[in-house]
Amino acid sequence: NSKLENIYTNEAYLLCKEWEIKRLLPRFENNVKSLDKKDYKIIKRLDQVERLFERLSFEEYVGVSYVRFPDSDKDGQMTLFGGDELRLMALSDRKECYVIDLCDDISESYIANALYDLSCKCNILSFNLKDMLYDFEGLNRDNCFDVSVAFYLLDPTKKEYSYDDIASEYLNMMLPGREELIGKKSIASQFDSNKDKIIELKGNEAYVACNGFIKILPELKGEYDNLYYNIEMPLLFTLYDMEREGIYLDKNALEEYGNTLNSRINELENNIYDLAGEEFNINSPKQLGEILFSEDKLGLPGSKKTKSGYSTAADVLEKLAPEHEIVKDILEYRGLAKLYSTYVEGLLKAQDSDGKIHCNFQQTVTATGRLSCTEPNLQNIPIRLELGRMIRKVFYPRDGFVFVDADYSQVELRVLAHMSGDEGLIDSFNRGDDIHTSTASKIFDVEPEDVTPLMRRTAKAVNFGIVYGESSFGLSENLGISRKEAKKYIEDYFKVYPKMKEFLESLKDKAREKGYSETLLGRKRPIIELSSKNFNIRSFGERVAMNTPIQGTAADIIKIAMVNVDRKLRDSNMKSRLILQVHDELLIEAAKEEEDKVYDILKDEMMNAISLLVPLEIDIHSGNTWYEAK
DNA sequence: GTGTTCACG
DNA sequence: ACGTACGTGAACACA
Ligand SMILES: [Mg+2]
C-alpha cells in the first residue's frame, strides 16, 4: 500500500553519473527537476557576428567553445584531403550564450580575427586552452585562461573537469553532459544529423566556462593566486610551445634497433616453447602461470598473489630463476617484448609527418600536481638498463643544436629536509654529502667511509620509504626482509633524524583535521580516505598525506623553474627551447652558440626556483642525443 | 572494460 | 588483525 516514490531524483542522477552508470541516465530525462536547458542565440549572418563581437568586447569574461574538423570525417563520408574547418563557435557572457554557425557566408578567418581582437579587450575562457591554441595561435596570451586548470587547483583528484559536473557542483545547475546529448560517437560523425544537440553541447560548455570561472574567482584571486596566475597559467603556454616544438626521432635507427630485438625475441620464444614442451602465449600471465606452476606442467613452487591466479611478475620470477632454466628466458623475453611493443612500435607509430614526436603534456591529471605525458608518454623512456637506455640515442636535436639536460639531485629529500626542519638532514645537504651514504652512516652508526654498498642500498630504500609514506610493510617488501627488521630500520631512522617522526605525524594530523594535504606553495589535495573505516583505505590515506606535500612541492618547484627558464630564453631572444620535462628533469634543445648561456640559465633558474633551508643542486650534461646528454 | 605487467620519476 | 610502498601511461590478454 505504500506508494513507491520517484527514485529518479536529482541526487540519484548525480550518483549515477559519479558511478558511471551511463545506461541509466536516459531514464532520468523526464524526471530530473530541470535538466536545465540554457537557450542559445544561433547566429548565421555576418552582420550579426559583427554586432556580437562588438557587444562582447564590453564584457570582462567570455567563455568560448568550438567545433572544428576536416571534411573527410563528416557523417562518415570519406572525402579525403579535406582541410580542417571551423564549423561552430559558441561564445558566452554571464547572461547570454551565442552559437555561431559557420555554414553560410561567415569565413573562418573573419571569426579568428574577431576572436583575436576580442582577446585584447576581454578575458577569454576555455575548458581546454592548450588545445585551443593549436587552432587559434593568434590569441592574446595575457588575457586567456583555462577553466579546467582552475578547477583542477580546487580539487586535483577529480577524474575529469567536464562542464556538467562543474555546473552541478558550483553553479547548482543540472545540465545534460556530452554523452547524454550526443552519445559516444565523435562530433564529426554526426555533425549534420545531430546538429541541435551539438549546438547545445558547445553552448553549455561556453556558458559554464564563463560562469564557472567567475564563480571561483574569489578562490583564484585568493589562496590560489600565485599557483594559478604565476605558475599554472604561464606554464600552460610553455607546455603548448614544448608540444609544438617536439623532438626529432631517428626512424631508421629505431627500426634497426627493433630488428635486433626481434631476432632475439624469436630465439627466446623458441627456447621457451622447447623448455615448456608446448607452444603458448608467453604474453598471457594466465597461460604462463599455468605452464610454470601447474602440477602437470613444470610444477614450480608458485606463490599465489593476484586475484586471478598465480603472479608472474618479475620479482616473483626472479626468485624462481634458480629452479628452472626457462625462467631466465621468460624474464629476458619480457624485457625485450616490452621494449619492442611499447617503445619501438609505439614511438614509430607516434612519429609525425615532420619527423618529430609531439607528445601531450597533461596539466590536470595527477593528484599531486605533477604533469603527465601521453601519446606517446615521453616521461617513461627507459634508462635504468643499458639495452633500454639505448633507445635514447634515437632522440636528436635539429641541425645546429644540441641537447642540454638538467635534473635535480634528490629534490624530494631536500624538500623533506626543508619542510621537516630536521637539522641532521639539513646539515647533510648543506655539507654536500651523498645523502644515502649519510643516512646509512647514521642509522648503522658507522663512519661514512665504512658504509658498505648493502648499507647504502638499505638506507636508500629507507629514504624512499619515508617519502612514500613510512610503512614497515612496504619497506620489508621492497628489501625482501622481515617486517620486524624493516620496522627496526624505520625506528633507527627516526632516532637519528629526531624531527622527522613528529613532522610526518603532523602531516597526518593536519590532513585529518583539514581534510586535505598541502604543498609549500598551497596546492591542496583532498584525502577522503583518511576517514574510511577500512584499515587499508585509511592507511593509504595516511601514506598519501605524508607523500603528497613532498611530491607536490617538488612538482611546484620544477614548474616555477620551467616558467622562469622559458621566460628567460624568450626575453633574451634566444633560439634555444625547452622541449621536455620528466618530473625532476628539463631537456632543452639549445642552439650550439647558446650552449653556455643555456647552462647558466638552467642552473640559475632551477637552483633558485625557490629558497629552501637546503641548496637545490642539479646535474647537467649536453650531447647530440638524449642518450649522450644524460 | 578490467586486470596484469612494466617503463619512468 | 588488517596487508600497500608514492605518482603516472601503454600494451596485452581475456571476459
Ligand atoms: Mg635526479
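To find a chain, count down the sequence lines: A is the first, B the second, and so on, and within it residues start at 1. Only this structure's heavy atoms are used, side chains among them; waters, hydrogens and symmetry mates stay out.
- Under the stacking criterion of a centre-to-centre distance below 5.5 angstrom and an interplanar angle below 30°, F535(A) is not stacked against the six-membered ring of dA1(C).
- Computed from coordinates, the L371(A) CG to dG9(C) P distance equals 11 Å when rounded to whole Å.
- A555(A) comes within 4.0 angstrom of nothing in the nucleic acid, heavy atoms only.
- The distance from atom CZ of R523(A) to atom P of dG7(C) is 15 Å, rounded to the nearest whole Å.
- When rounded to the nearest whole Å, the span between CG of L580(A) and C1' of dA7(B) equals 16 Å.
- Residue S311(A) is in sugar-phosphate contact alone, with no base atom involved, counting any heavy-atom pair closer than 4.0 Å across all strands shown.
- A donor-acceptor pair shorter than 3.5 Å cannot be found between the side chains of Q551(A) and E412(A).
- Among the heavy atoms of the strands lying under 4.0 Å from F473(A) is at least one base atom, whether or not backbone atoms are also near.
- Regarding contacts with the backbone of dC6(B), a side-chain N or O of R334(A) is found under 4.0 angstrom from either OP1 or OP2.
- A cation-pi arrangement is present between K356(A) and Y248(A), with the terminal nitrogen or guanidinium carbon under 6.0 Å from the aromatic centre and inside a 45° cone about the axis.
- Taking side-chain N and O atoms only, S372(A) has no distance below 4.0 Å to OP1 or OP2 of dG7(C).
- Looking only at atom types and distance, the side chain of N624(A) has no donor-acceptor partner in the side chain of Y396(A) under 3.5 Å away.
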Walk along nucleotides 10-15 of chain C from 5' to 3' and tag each nucleotide B, S or - by protein heavy-atom contact under 4.0 Å, base first, then sugar-phosphate.
SSSSSS
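- Here L339(A) lies out of heavy-atom contact (under 4.0 Å) with every strand.
- Across all strands, E477(A) comes closer than 4.0 Å to no nucleic acid atom at all (heavy-atom distances).
- One cannot find a donor-acceptor pair under 3.5 Å joining the base of dG7(C) and the side-chain atoms of R543(A).
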Dot-bracket line, read 5' to 3' along DNA chain C, where crossing pairs take [ ] and | marks a partner on another strand, Watson-Crick or G-U under 3.5 Å:
.....|||||||||.
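- The base of dG7(C) has none of its N or O atoms less than 3.5 Å from a complementary donor or acceptor on the side chain of R525(A).
- Between the side chain of S189(A) and the backbone N or O of K185(A) there is no donor-acceptor pair closer than 3.5 Å.
- Comparing N536(A) and V544(A) against DNA chain C, the residue whose closest nucleotide sits nearer the 5' end is N536(A).
- Across all strands shown, A461(A) has heavy atoms under 4.0 Å from base atoms, whether or not it also approaches the sugar-phosphate.
- Within the 3.5 Å criterion, the main-chain N or O of E628(A) finds a donor-acceptor partner in the side chain of T625(A).
- Distance from the side chain of T368(A) is smallest for dG7(C) among the nucleotides dT5(B), dG7(C), dG9(C).
- Within 4.0 Å (heavy atoms only), D584(A) reaches sugar-phosphate atoms of the nucleic acid but no base atom.
- Here S308(A) reaches the OP1 or OP2 of dT4(B): one of its side-chain N or O atoms lies under 4.0 Å away.
- The gap from the C1' atom of dG3(C) to that of dA7(B) amounts to 26 Å, rounded to the nearest Å.
- Relative to the side chain of P382(A), the nucleotides dC8(B), dT4(C), dT5(B) differ in distance, and dC8(B) lies closest.
- Distances from the side chain of L475(A) to the nucleotides dG7(C), dA5(C), dG1(B) place dA5(C) closest.
- If you take atom P in dG3(B) and the same atom in dT4(C), they sit 14 Å apart, rounded to whole Å.
- Between the C1' atom of dC8(B) and the CG atom of D407(A) lies a distance of 13 Å, rounded to the nearest Å.
- Rounded to whole Å, the separation between the C1' atoms of dC2(C) and dC6(B) comes to 28 Å.
- Contact between the side-chain N/O atoms of R389(A) and the OP1/OP2 oxygens of dA7(B) is not found at any separation under 4.0 Å.
- Whole-Å rounding puts the Y408(A) OH to dC8(B) P distance at 23 Å.
- Considering only side-chain N and O atoms, R370(A) lies nowhere under 4.0 angstrom from the phosphate OP1 or OP2 of dT8(C).
- Stacking of Y468(A) onto the six-membered ring of dC6(C) is present: less than 5.5 angstrom between centres, less than 30° between planes.
- Ion pair R577(A)/E245(A) not flagged as a salt bridge, since none of the NZ, NE, NH1 or NH2 atoms sits closer than 4.0 Å to an Asp/Glu carboxylate oxygen.
- Between K297(A) and E278(A) there is a salt bridge, since at least one side-chain N of the basic residue sits less than 4.0 Å from a carboxylate O of the acidic one.
- Nucleotide dA5(C) holds its C1' atom 12 Å from the CZ atom of F464(A), rounded to whole Å.
- One atom, CG of L378(A), and another, C1' of dG9(C), lie 11 Å apart when rounded to the nearest Å.
- Using a cutoff of 4.0 Å between basic side-chain nitrogens and carboxylate oxygens, E513(A) and K510(A) are not scored as salt-bridged.
- Salt bridge D492(A)/K495(A): present, at least one basic N to carboxylate O contact under 4.0 Å.
- For the atom pair E502(A) CD and L507(A) CG, the distance stands at 11.0 Å (nearest 0.5 Å).
- Nucleic acid contact class of A337(A) (heavy atoms, under 4.0 Å, all strands): none.
- Residue T548(A) is classed as having no contact, given no heavy-atom separation below 4.0 Å to the nucleic acid.
- Using a 4.0 Å heavy-atom distance criterion, V467(A) is classed as making no nucleic acid contact.
- Judged as a ring-ring contact (aromatic ring centres under 6.0 Å, His included), the pairs with a partner in residues 454-478 of chain A (not counting sequence neighbours) are, in order, F464(A)-Y468(A).
- Here E386(A) does not pair with K630(A) in a salt bridge; the nearest charged N to carboxylate O distance is not below 4.0 Å.
- Base contact: G465(A) has a heavy atom under 4.0 Å from a base atom.
- Salt-bridge annotation for D509(A) and R512(A): present, with a side-chain N of the basic residue lying under 4.0 Å from a carboxylate O of the acidic one.
- As a whole-Å value, the separation of E529(A) CD from dC2(C) C1' is 17 Å.
- T306(A) has a side-chain polar atom (N or O) that falls below the 4.0 Å cut-off from OP1 or OP2 of dT4(B).
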